[in-house]
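Shown next, in structure tokens, is the structure this report addresses.
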Amino acid sequence: HWGYMTTNGPSTWGKDFPIANGERQSPIDIVTTAAEYDSDVLGSNALSTNYTPESEVKLVNNGHSIMCQITKKGVLTGGPLGKDEYRLEQFHLHWGAEDNRGSEHTVDGKMYASELHLVHWNASKYSSFADAVQKPDGLAVLGIFITPGVACNQFKVISDNCGKLKTSGAEMTVDTTLDPTLLLPSNTSDYWTYLGSLTTPPLFESVTWIVFKEPVEYSKEQLLALRNLVDSDGNHMQDNYRPPAALKQRKVKKTFT
Ligand SMILES: NS(=O)(=O)c1ccc(B(O)O)cc1
Ligand SMILES: [Zn+2]
């Protein structure tokens with residue numbers, strides 16, 4: 001089964017998933033000077049999130065990340081998404097064994113300690129996440145860089161429960177509210193966007209990526225809680241990030257000058 005170890009990690013995924021060497025793979029290194037400011041596509045209708053706070057939080061250790069399943073209606077529109085409405089399905093993270101690595105996207109080669117992904121599917125065109133996941137305009141993922149600093153209060157419901165989700169397959173429902181809006185950076189106007197893929201197998205090329213420039217802070221303890229999770233091979237779930245893939249014939253757009 002695929003993972004992040006030498007024997008089953010990103011360099012081996014092409015064996016079972018040949019699209020790993022495709023034309024629009026993710027993540028990528030964002031070369032800030034090469035990104036193109038594109039006011040008409042992006043400036044005209046600002047990216048907008050309209051999330052409903054979850055009344056209970058469904059956490060899953062799926063063997064390669066910690067995932068929070070969303071049950072309420074949460075909508076992402078605007079920016080590079082045209083007129084389509086994308087529905088929030090889940091969020092999860094990628095992180096390193098140490099603070100110097102862990103994000104999937106990099107910025108001029110800089111790696112952050114972790115990266116949060118809010119995964120949405122195109123509910124204007126498709127009937128479900130499973131239907132959308134293989135379509136070129138099926139998904140939109142918000143990428144939020146995470147850097148060590150003060151604790152993120154909204155993330156506490158996840159980090160405080162990692163100890164109970166230690167092993168792969170573990171699930172739990174926590175009776176507390178969670179507002180995904182509060183997981184976003186304060187500045188959601190400045191971002192890079194490009195057409196890419198899932199960053200784990202099956203690596204489908206179905207994602208419009210939106211990566212915010214401003215990182216959010218998590219405390220050392222919150223990052224340690226992630227590193228103490230155990231993956232499907234029984235190892236510490238750490239360094240569960242795919243290194244940048246080739247940009248090929250793609251342009252990265254930015255909403256700021
Ligand atoms: N890491 S990611 O956001 O690109 C992602 C999202 C969903 C799935 B999946 O549902 O298999 C895989 C990867
Ligand atoms: Zn991800």
Side-chain angles (χ1 to χ4, degrees), residues 1-2 10 13-28 30 35-36 38 40-42 44-52 58 60 62-65 67-94 104-105 115-144 180 184 188 191-212 241-242 244-255:
H1 186 65
W2 67 268
W13 293 351
K15 232 183 358 253
D16 294 331
F17 306 93
I19 202 167
N21 304 297
E23 296 306 303
R24 58 173 278 190
Q25 288 291 293
S26 293
I28 59 169
I30 296 165
E36 272 182 19
D38 190 333
D40 60 319
V41 171
L42 305 168
S44 51
N45 52 340
L47 185 73
S48 163
T49 59
N50 185 359
Y51 296 150
T52 310
K58 292 183 185 320
V60 180
N62 61 19
H64 42 85
S65 184
M67 183 174 73
C68 178
Q69 290 171 335
I70 296 296
T71 56
K72 295 280 193 266
K73 185 172 187 293
V75 175
L76 175 71
T77 55
L81 304 176
K83 296 183 182 52
D84 289 346
E85 218 178 61
Y86 285 70
R87 176 92 30 106
L88 180 60
E89 172 81 9
Q90 54 104 326
F91 64 81
H92 64 274
L93 302 97
H94 305 262
E104 299 211 293
H105 290 90
E115 187 172 328
L116 171 66
H117 290 160
L118 274 72
V119 182
H120 308 71
W121 56 277
N122 190 333
S124 296
K125 290 184 71 172
Y126 306 111
S127 55
S128 68
F129 175 82
D131 183 29
V133 75
Q134 294 195 58
K135 305 295 191 304
D137 59 353
L139 304 185
V141 182
L142 298 182
I144 297 111
L184 303 178
T188 53
Y191 59 82
W192 296 280
T193 182
Y194 75 99
L195 297 181
S197 73
L198 302 179
T199 64
T200 68
L203 299 170
F204 293 142
E205 296 186 330
S206 56
V207 182
T208 298
W209 276 97
I210 293 163
V211 180
F212 292 114
Y241 61 91
R242 186 191 194 188
L247 185 62
K248 303 214 169 163
Q249 305 303 315
R250 289 180 286 181
K251 277 259 183 274
V252 177
K253 292 182 179 168
K254 62 182 176 185
T255 60

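- One distance of note links OG of S206 with OH of Y126; it measures 9.5 Å at 0.5 Å rounding.
- Using a 4.5 Å cut-off on side-chain heavy atoms (C-beta onward), H94 and T200 make contact.
- The pair K248-E23 counts as a salt bridge, with a side-chain nitrogen and a carboxylate oxygen less than 4.0 angstrom apart.
- The heavy-atom pair separating Q90 from Q69 by the smallest distance is CB-CA, 4.4 Å.
- Side chains of L76 and L47 form a contact here, defined as non-hydrogen atoms less than 4.5 Å apart.
- Shortest non-hydrogen contact noted between H117 and G143 is CD2-CA, 4.0 Å.
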Derivation of the side-chain contact (heavy atoms from CB on, under 4.5 Å) call for R242 and L203: CA-CA 11 Å; R242 186 191 194 188; L203 299 170; 3.5 Å; yes
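- Between I28 and W209, the closest side-chain pair of non-hydrogen atoms is not below 4.5 Å.
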Could you check N62 against H64 for side-chain contact (heavy atoms from CB on, under 4.5 Å), going step by step and ending with a plain yes or no? CA-CA 6 Å; N62 61 19; H64 42 85; 3.5 Å; yes
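- Looking at heavy atoms from C-beta onward, V119 lies in side-chain contact with F129 at the 4.5 angstrom threshold.
- Residue K254 holds its NZ atom at 11.5 Å from CD1 of I30, rounded to the nearest 0.5 Å.
- The side-chain hydrogen bond (donor to acceptor under 3.5 Å, both in side chains) test with E205 is passed by exactly one of Q25, R24, Q134, K135: Q25.
- By the 4.5 Å heavy-atom criterion applied to side chains, F212 and T188 are counted as neighbours.
- Under the 4.5 Å side-chain criterion, counting only non-hydrogen atoms from C-beta, T255 is not in contact with T193.
- Between W13 and W2, the ring planes are perpendicular. Angles over 60° get that label, and only those under 30° would be called parallel.
- At distances below 3.5 Å, at least one donor-acceptor pair connects side-chain atoms of E115 with backbone N or O atoms of H105.
- Rounding to the nearest 0.5 angstrom, the gap separating the CG atom in L118 from the NE2 atom in H92 is 9.0 Å.
- When every heavy atom of R250 is checked against every heavy atom of G196, the shortest pair comes out as NH1-CA, 3.7 Å.
- Shortest non-hydrogen contact noted between G14 and A20 is CA-CB, 3.8 Å.
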Do L198 and L139 pass the side-chain contact (heavy atoms from CB on, under 4.5 Å) test, and can you show the C-alpha distance, the side-chain angles, and the key distance before you say yes or no? CA-CA 9 Å; L198 302 179; L139 304 185; 3.6 Å; yes
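- Inter-residue side-chain proximity for L142 and L184 is flagged as met; some heavy-atom pair is nearer than 4.5 Å.
- How far CZ of R87 is from NZ of K72: 13.0 Å, rounded to the nearest 0.5 Å.
- With N122 as reference, D84 is the one residue of T208, D131, D84 to meet the side-chain hydrogen bond (donor to acceptor under 3.5 Å, both in side chains) rule.
- Here the CE atom belonging to M67 is positioned 8.0 Å from the CD atom belonging to E89, to the nearest 0.5 angstrom.
- In terms of heavy-atom proximity, Y194 sits nearest to K251 at CB-O, 3.9 Å.
- Put simply, CG on D137 and OH on Y86 are 5.0 Å apart, with the number rounded to the nearest 0.5 Å.
- Side-chain contact between P180 and I70 is present, with at least one heavy-atom pair separated by less than 4.5 Å.
- Heavy-atom minimum distance, W121 versus A132: CB-CB, 3.9 Å.
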